[in-house]
Amino acid sequence: MRSIILATIGFCLPSTLAAQTIDDLVDFVAGMPRGTLGIPAYWFEMETLVGWERMILVIGYANNRSTCELIEQIGTAQSPNQSFRCTPAN
């Protein structure tokens with residue numbers, strides 16, 4: 001739910017403020033500690049004309065990577081001509 005709210009806020013802000021807000025979020029997430037098992041959060045990303053864009057922050061699962069990869073499979077099934085990937089966030 002939080003990623004939906006953050007995305008909505010990002011689309012409502014002027015572009016320079018939105019970019020700063022997203023950069024602040026990325027910096028904040030990068031500084032977050034990993035869970036007790038050392039499992040990182042993951043960004044679900046989509047390749048666009050301007051490069052890789054972070055779309056969803058996957059956090060709070062026993063295995064964030066496998067959850068992100070499941071989202072990647074769904075994205076690929078829905079948009080087979082689009083490239084997706086999962087990258088560690090912290």
Side-chain angles (χ1 to χ4, degrees):
M1 183 65 161
R2 289 184 180 152
S3 45
I4 293 170
I5 293 168
L6 291 173
T8 303
I9 291 169
F11 288 120
C12 295
L13 298 173
S15 61
T16 54
L17 182 56
Q20 179 183 0
T21 303
I22 292 168
D23 289 343
D24 290 344
L25 175 63
V26 170
D27 291 342
F28 175 78
V29 171
M32 288 176 21
R34 292 183 176 190
T36 56
L37 299 176
I39 298 170
Y42 276 82
W43 287 111
F44 171 71
E45 300 178 334
M46 179 176 71
E47 189 173 27
T48 67
L49 294 175
V50 296
W52 288 95
E53 295 285 334
R54 294 174 182 94
M55 305 298 290
I56 300 172
L57 176 62
V58 180
I59 189 169
Y61 292 90
N63 187 341
N64 295 318
R65 182 183 178 106
S66 65
T67 303
C68 188
E69 289 172 348
L70 177 61
I71 297 168
E72 183 179 0
Q73 291 172 4
I74 294 167
T76 301
Q78 293 293 315
S79 301
N81 296 325
Q82 190 70 47
S83 295
F84 301 99
R85 70 180 183 189
C86 295
T87 58
N90 60 339

Shortest non-hydrogen contact from Leu57 toward Ala89: CD1-CB, 3.9 Å

Residue of the set Tyr61, Phe84, Phe44 for which side-chain contact (heavy atoms from CB on, under 4.5 Å) holds with Cys68: Phe44

Nearest non-hydrogen partners of Pro80 and Ala77, listed with the distance: CD-O, 4.0 Å

Ile74 reachable from Ile56 in the ILVMFWY side-chain graph, under 4.5 Å edges: no

Joint hydrophobic cluster, Met32 plus Trp43, side-chain heavy atoms closer than 4.5 Å: yes

Where Arg34 and Asn90 come nearest, the two heavy atoms and their spacing: NH2-O, 2.7 Å

Spacing of CG belonging to Asn63 relative to CG belonging to Leu70, to within rounding of 0.5 Å: 11.5 Å

Value rounded to 0.5 Å, distance of CD in Glu69 from OG1 in Thr76: 11.0 Å

Main-chain N/O of Glu47 paired with Gln82 side-chain donor or acceptor, under 3.5 Å: yes

Shared hydrophobic cluster, Ile39 / Ile59 (ILVMFWY, side-chain heavy atoms < 4.5 Å): no

Point-to-point distance, once rounded to the nearest 0.5 Å, from CD of Glu45 to CZ of Arg85: 4.5 Å

Gap between atom CD1 of Ile71 and atom SG of Cys86 - 0.5 Å precision: 7.0 Å

Rounded distance (nearest 0.5 Å) linking atom CD of Glu72 with atom CE of Met55: 13.0 Å

